[in-house]
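Shown next, in structure tokens, is the structure this report addresses.
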Amino acid sequence: MIPLRQAMETYDLITRNAEEVVTDEEVRELAADPDGKRAYVGYEPSGVLHLGHLLTANKLIDLQEAGMEVVILLADVHAYLNGKGTFEEIRETAEQMKAQFVAYGLDEDNTEFIYGSAFQLDEEYTLDLHELELSTTLNRSQRAMAEIQGGETAKVSHVVYPLMQTLDIEYLDLDLAVGGLDQRKVHMLAREELPELGYDVRPALHTPIVADLTSGEGKMSSSDGVTISMEDSTDDLEEKVNSAFCPPTRDPEGDLENPVLELFEFHVFPRFDEIVVERPDEYGGDLTYDDYESLAADLESGELHPADAKGTLATYLDELIAPGREKLRDIRN
RNA sequence: CCGCCCUUAGCUCAGACUGGUAGAGCAGUCGACUGUAGAUCGACUUGCCCCCCGUUCAAAUCGGGGAGGGCGGACCA
């Protein structure tokens, strides 16, 4: 396989499938000399990875491919502040999460896993945090958190949370912050506040939020609706994908998205060079695609039937998830 | 600390005044129709009515106590 870095311009690799790049100039500058530059995603520890996690993981893999160092923050303190349980419980799920990321394909030697509690409780960090608390309004912090916290009424911990993310970017010595689009307001807050403390502003890169599988609207959520995760068996995947909303178009009416196409675009094509749609002769025989655009175009034209697209999607997702699924099984035995 | 409002199905809420063992919409599940899903029909499911004590033949409903959540309480007066 040709290294992606040679096959694609570094900038295109770094920004592919990104919903937003802040700012483009800053990222172009990074792309000009990516070696040794540090990028991160922070995750609240979870025992089971789902497609939302994997979307940002795909981006991290791109960045590794581009020559960057990747840091995964196992955000135990953040999870604690967001009411996710005791530190003990959070730690345990963090270890499971780490194992699944490695199984998924993040190069272990090139990926730095670090617990938030390893540095977020230091005196210097804490004093910086208090300084941020002093210069940030409640309103601003709450707005930054709105997408992240549940429907619950905001606690004091919730407004501290994004301020800590701001400091993480400095204390982890990063050059790029990565996150889903739901992290946008937090990163904007960070860009605004870091200079106030005398620190440098870093660029941010946001991945899209995949639409809900069954309705095609909003975002796929782990709390409600159908989520595809490392826990799913092959049969689960087939069933979930088959029940997905999938009109034969890339651009459904209204605000709706085609989640099946989105999964091809954001999860399958970035990890496979070639996709084979196995089709019985009565429907025209097998089809082969090496990029998302041609597959989407065929769905649009009717050449590719949604049912065949779904079967194929389930097969490839299964392949992506299989290593993590095995790892989970090991952990649990 | 004090005051007011809220708590009923997964969600949003009716029902409470006038006690009689719980409803709607949405969601969900299952069929029919489509070579997928959705839409559309057809059927179905769903409950410690926040907790405890009391009154009563009988309490979601009345009385008392408690919990959780929301909002308010400077001055002008």
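In what follows, chains are A, B, ... by sequence order, proteins preceding strands, each numbered from 1.
- Rounded to whole Å, the separation between the C1' atoms of B/C44 and B/C50 comes to 29 Å.
- Between atom CD of residue A/Q120 and atom OH of residue A/Y80 there is a gap of 14.0 Å, rounded to the nearest 0.5 Å.
- Nucleotides B/A14 and B/A9 place their C1' atoms 13 Å apart, quoted to the nearest Å.
- For the C1' atoms, the distance linking B/U61 with B/G20 amounts to 11 Å, nearest Å.
- Using a 4.0 Å cut-off on heavy atoms, the residues of residues 232-248 of chain A that approach RNA chain B are A/N242, A/S243, A/A244, A/F245, A/C246, A/P247, A/P248, listed by number.
- Sorted by first and then second residue, the side chain to side chain donor-acceptor pair (under 3.5 Å) pairs involving residues 294-310 of chain A (not counting sequence neighbours) are A/T249-A/E300, A/Y289-A/D298, A/D291-A/S294.
- Between B/A58 and B/C53, the distance separating the two P atoms is 15 Å to the nearest Å.
- For the C1' atom pair drawn from B/G69 and B/C51, the interatomic distance equals 15 Å after rounding to whole Å.
- Taking a pair to require two hydrogen-bonding distances under 3.5 Å in either a Watson-Crick or a G-U wobble arrangement, B/A77 remains unpaired.
- Against RNA chain B, the stretch residues 293-321 of chain A makes heavy-atom approaches under 4.0 Å through A/H305, A/P306, A/A307, A/D308, A/K310.
- A search for side-chain hydrogen bond (donor to acceptor under 3.5 Å, both in side chains) contacts involving A/E133 returns A/H130, not counting sequence neighbours.
- Residues that satisfy the salt bridge (charged side-chain N to carboxylate O under 4.0 Å, His left out) test with A/E193, not counting sequence neighbours, are absent from this structure.
- Using Watson-Crick or G-U wobble geometry with both donor-acceptor distances under 3.5 Å, B/U34 finds no partner in any strand shown.
- Note: the hydrophobic cluster containing A/I14 does not contain A/Y40 (ILVMFWY, side chain heavy atoms under 4.5 Å, direct or indirect links).
- Applying the ring-ring contact (aromatic ring centres under 6.0 Å, His included) test to pairs two or more places apart or on separate chains, those with a residue in residues 241-286 of chain A are A/F272-A/Y316.
- Distance noted for atom P between B/C52 and B/A16: 24 Å (whole Å).
- To the nearest whole angstrom, the two P atoms, one in B/A39 and one in B/U29, are 11 Å apart.
- For A/D318, the salt bridge (charged side-chain N to carboxylate O under 4.0 Å, His left out) test picks out A/R325, with sequence neighbours left out.
- Look at the C1' atom in both B/G47 and B/G10: the space between them is 11 Å, to the nearest Å.
- Every salt bridge (charged side-chain N to carboxylate O under 4.0 Å, His left out) that A/E231 has, sequence neighbours left out, goes to A/R332.
- Considering only residues two or more places apart in sequence or on other chains, A/K155 meets the side-chain hydrogen bond (donor to acceptor under 3.5 Å, both in side chains) condition with none of them.
- Base pairing of B/U12: its partner is B/A24, meeting the Watson-Crick or G-U wobble criterion (both donor-acceptor distances under 3.5 Å).
- Under the side-chain hydrogen bond (donor to acceptor under 3.5 Å, both in side chains) criterion, A/Y125 pairs with A/D168, not counting sequence neighbours.
- Base pairing of B/U18 is not made with any nucleotide, judged by Watson-Crick or G-U wobble geometry with both donor-acceptor distances under 3.5 Å.
- Under the Watson-Crick or G-U wobble criterion, with both distances below 3.5 Å, B/A67 is paired with B/U7.
- Between A/R271 and A/N58, the shortest heavy-atom distance links the atoms CD-OD1, 3.7 Å.
- Taking the 5' to 3' direction, RNA chain B first and last meets chain A under 4.0 angstrom from a heavy atom at B/G35 to B/G70.
- Checked against salt bridge (charged side-chain N to carboxylate O under 4.0 Å, His left out), A/E20 has the following partners two or more places apart in sequence or in another chain: A/R184.
- The nucleotide B/U61 finds no pairing partner, because no Watson-Crick or G-U wobble arrangement with both distances shorter than 3.5 Å includes it.
- Across the strands present, B/C49 finds no partner; the criterion is a Watson-Crick or G-U wobble pair with both atom distances under 3.5 angstrom.
- Remark: B/A39 base-pairs with no nucleotide in the shown strands. Criterion, Watson-Crick or G-U wobble with two distances under 3.5 Å.
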